[in-house]
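Beneath this line is the structure, given in structure tokens, with notes to follow.
Chain A is the first sequence line, chain B the second, and so forth, proteins listed ahead of strands; every chain is numbered from 1.
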There are 2 protein chains.
Amino acid sequence: MTGWVKIAGLGPGNEALVTPEVTAALAEATDIVGYIPYVARVAERPGLTLHPSDNRVEIDRSQHALDMASEGKRVVVVSSGDPGVFAMASAVYEAVDNGPSDWRNLDIQVLPGITAMLAAAARVGAPLGHDFCTINLSDNLKPWEVIEKRLRLAAQADFAMAFYNPRAKSRPGKFERTLEILREECEPERLIIFARAVSRADEAIKVSTLGEATPEMADMQTMVIVGSSLTRTIDRDGDPIVYTPRFIAKAEG
Amino acid sequence: MTGWVKIAGLGPGNEALVTPEVTAALAEATDIVGYIPYVARVAERPGLTLHPSDNRVEIDRSQHALDMASEGKRVVVVSSGDPGVFAMASAVYEAVDNGPSDWRNLDIQVLPGITAMLAAAARVGAPLGHDFCTINLSDNLKPWEVIEKRLRLAAQADFAMAFYNPRAKSRPGKFERTLEILREECEPERLIIFARAVSRADEAIKVSTLGEATPEMADMQTMVIVGSSLTRTIDRDGDPIVYTPRFIAKAEG
């Protein structure tokens with residue numbers, strides 16, 4: 001039997017957002033590895049072994065997957081969202097890069113999924129409909145100074161911005177600092193969207209402005225999207241639509 | 001009958017990347033509108049009317065969809081990739097914003113899809129595994145100066161970058177100029193990926209460097225991804241893997 005590793009994106013939570021390619025990989029797998037709540041989304045069946053593991057053990061988990069594939073197992077590494085966006089794809093390739101040389105020629109594939117920012121954007125309209133950037137606000141794996149520099153340059157470039165992992169108990173004050181930096185760089189009317197548990201039963205979305213936003217509006221389950229200077233709302237019955245127009249006028253002068 | 005508009009992402013081309021949510025919407029639709037090659041991806045059936053239209057008529061097409069939904073039709077507006085990323089979602093909401101006020105309370109939903117940059121990233125490894133930005137290189141709807149400014153700031157922020165619509169006959173020299181700007185801001189060893197027709201039968205992917213890249217490596221069907229300063233390759237038999245590590249070290253002081 002020829003083993004393989006498929007690093008698969010389960011999307012934001014709703015099963016209607018899982019691609020047929022990922023569903024087929026799960027059906028062919030002998031082993032599933034991943035963070036506990038993501039492995040819990042895979043149905044048990046005879047011949048399939050589930051290997052749930054805790055957060056922050058991404059490299060151990062990757063090595064385990066690669067080891068099993070070397071032995072001929074068909075291993076799916078599950079991520080929520082898209083595995084290539086702040087998820088397991090980079091971790092698996094780091095393990096390959098630093099591991100035994102025969103891992104390099106294993107059959108490893110990344111199966112894309114619906115990433116949280118695009119699911120969140122879809123729910124409110126089209127806030128990422130023009131140029132944007134995507135930043136992980138966690139400083140677990142990078143210096144906070146890098147985040148601060150990127151926030152300022154992104155604001156100066158007038159990108160819309162999507163933030164993953166905005167807030168955690170282990171990083172007190174950091175999301176408050178993020179809002180402060182954005183308030184220094186942008187006007188108070190700038191739109192900011194807090195989208196929690198998108199596509200799941202407990203989905204909750206709030207459209208606010210930088211002037212009115214508070215740190216408590218986000219938690220680790222929240223996707224935060226900040227508009228560009230041109231992002232606007234369309235008022236209607238119920239929640240407003242938020243979108244970024246496709247057109248930018250030439251500056252006068 | 002209550003009409004609706006669903007703005008649906010068909011993904012990059014392979015049917016295994018179309019979500020069940022989108023497949024279900026297509027099955028319920030009475031009318032499909034969209035750019036000719038995307039509408040051609042929808043199977044004909046009794047009770048379904050296909051309305052293919054040419055490129056650059058996004059607002060006309062959106063108004064047509066909204067008109068039909070007002071009359072009780074179930075309309076799917078098809079985009080390739082994700083409708084919220086340089087595709088039809090912003091156009092439909094622009095039409096709503098500037099249209100009759102009763103359009104605002106129509107049932108309009110965006111159904112996310114696998115966008116080209118994430119499909120392309122998955123094929124080569126995980127080049128967008130850390131902070132990145134997404135820029136439309138077409139200056140049809142924005143001044144070229146905005147693109148140039150964003151490229152420089154994105155390079156200074158050390159984002160990986162994904163470029164949509166890198167090159168067209170109607171914009172001669174502009175992609176060459178993009179490469180020049182990137183060479184001024186980044187080192188010649190910086191990785192650049194040209195991913196054409198990802199997930200389709202004629203897929204072609206080339207991994208190069210800024211020092212060696214030429215404008216001819218891209219066309220309108222190509223997704224271009226530029227790595228951050230940390231993006232690296234893993235050599236193996238066949239094409240190299242390209243990934244961006246999750247870890248950024250603190251600067252020496």
Side-chain angles (χ1 to χ4, degrees), chain A residues 14-21 24 82-86 89-91 93-94 96-97 104-105 110-115 118-119 121-122 125-126 128-136 141-143 145-146 149-150 153-154 156-157 159 232 234-237 241 243-248 250-251, chain B residues 15-21 24 82-86 89-91 93-94 96-97 104-105 110-115 118-119 121-123 125-126 128-136 141-143 145-146 149-150 153-154 156-157 159 232 234-237 241 243-248 250-251:
Chain A
N14 190 309
E15 297 309 312
L17 296 176
V18 180
T19 66
E21 181 180 68
D82 181 279
V85 179
F86 310 125
S90 280
Y93 287 120
E94 272 176 50
V96 170
D97 205 3
R104 295 174 176 228
N105 292 313
V110 178
L111 310 185
I114 303 294
T115 187
L118 298 183
L128 303 179
H130 209 296
D131 302 336
F132 65 94
C133 68
T134 306
I135 301 176
N136 186 343
L141 295 171
K142 64 184 162 187
E145 297 70 41
V146 171
K149 180 178 177 191
R150 288 180 177 173
L153 290 167
Q156 288 157 24
F159 284 124
R232 44 190 282 126
I234 304 175
D235 291 325
R236 56 171 178 176
D237 302 343
I241 297 163
Y243 83 102
T244 305
R246 301 167 310 145
F247 182 75
I248 300 179
K250 239 188 155 61
Chain B
E15 297 309 310
L17 296 177
V18 180
T19 67
E21 182 180 66
D82 181 278
V85 179
F86 310 125
S90 281
Y93 288 120
E94 273 175 47
V96 171
D97 205 2
R104 295 174 176 229
N105 292 313
V110 179
L111 311 186
I114 303 294
T115 186
L118 298 182
R123 297 301 264 182
L128 304 178
H130 209 297
D131 303 335
F132 66 94
C133 69
T134 306
I135 301 176
N136 186 343
L141 295 172
K142 63 183 162 185
E145 298 67 41
V146 171
K149 180 178 177 192
R150 287 180 177 174
L153 289 166
Q156 288 158 23
F159 285 125
R232 41 191 284 125
I234 305 175
D235 290 326
R236 57 172 177 174
D237 301 345
I241 297 163
Y243 82 103
T244 305
R246 300 167 311 145
F247 182 74
I248 300 180
K250 243 191 152 59

- Which class fits the ring pair Tyr243(A) and Tyr93(B): parallel under 30°, tilted 30 to 60°, perpendicular over 60°? tilted

- At a heavy-atom separation under 4.5 Å, does Ala91(B) approach chain A through its side chain, its backbone, both, or neither? both

- Query: How many angstroms lie between CG in Asn105(B) and CZ in Arg236(A), if you round to the nearest 0.5 Å?
  - Reply: 7.5 Å

- Task: Considering only heavy atoms and a distance below 4.5 Å, find which of Asp97(B), Ile114(B), Leu17(B) pairs most often with chain A.
- Result: Asp97(B)

- Query: If you tally heavy-atom pairs under 4.5 Å against chain A, which of Gly84(B), Ala89(B), Ser90(B), Ala121(B) wins?
  - Reply: Ser90(B)

- Message: Please identify, among Pro83(A), Ala24(A), Gly125(A), the residue contributing the most non-hydrogen atom pairs under 4.5 Å to chain B.
- Response: Gly125(A)

- Query: When heavy-atom pairs shorter than 4.5 Å are enumerated against chain B, which of Val18(A), Val110(A), Leu141(A) gives the highest number?
  - Reply: Leu141(A)

- Message: Taking ring pair (Phe, Tyr, Trp, His ring centres under 6.0 Å) as the definition, give me every residue that meets it alongside Phe86(A), ordered by chain and number, with sequence neighbours left out.
- Response: Tyr164(A)

- Query: Side chain, backbone, both or neither: which part of Ile241(B) has a non-hydrogen atom closer than 4.5 Å to chain A?
  - Reply: side chain

- Query: Side chain of Arg104(B), backbone of Asp235(A): donor and acceptor closer than 3.5 Å?
  - Reply: yes

- Note on the structure: One option among Thr19(A), Asp131(A), Ile135(A) has the most heavy-atom pairs under 4.5 Å with chain B, and it is Asp131(A)

- Message: Given heavy-atom pairs under 4.5 angstrom as the criterion, report whether the side chain, backbone, both or neither of Asp82(A) touches chain B.
- Response: side chain

- Message: Please check: side-chain N/O of Lys142(B) versus main-chain N/O of Asn136(B), any donor-acceptor pairing under 3.5 Å?
- Response: yes

- Task: Report the option among Glu15(B), Lys149(B), Arg150(B), Gln156(B) that has the most heavy-atom pairs separated by less than 4.5 Å from atoms of chain A.
- Result: Arg150(B)

- Could you tell me whether a side-chain N or O of Glu94(A) sits under 3.5 Å from a main-chain N or O of Arg246(B), the two making a donor and an acceptor? yes

- Find out whether Pro245(A) and Arg232(A) are in side-chain contact, i.e. whether some heavy atom of one side chain is under 4.5 Å from a heavy atom of the other. yes

- Item | Residue among Leu128(B), Val96(B), Ile234(B), Leu153(B) with most heavy-atom pairs under 4.5 Å to chain A | Ile234(B)

- Message: Which one wins on heavy-atom pair count under 4.5 Å against chain B: Val85(A), Thr115(A), Asn14(A)?
- Response: Val85(A)

- Work out which heavy atom in Ala16(A) is nearest to a heavy atom in Pro20(B); give both atom names and the distance. O-CD, 3.2 Å

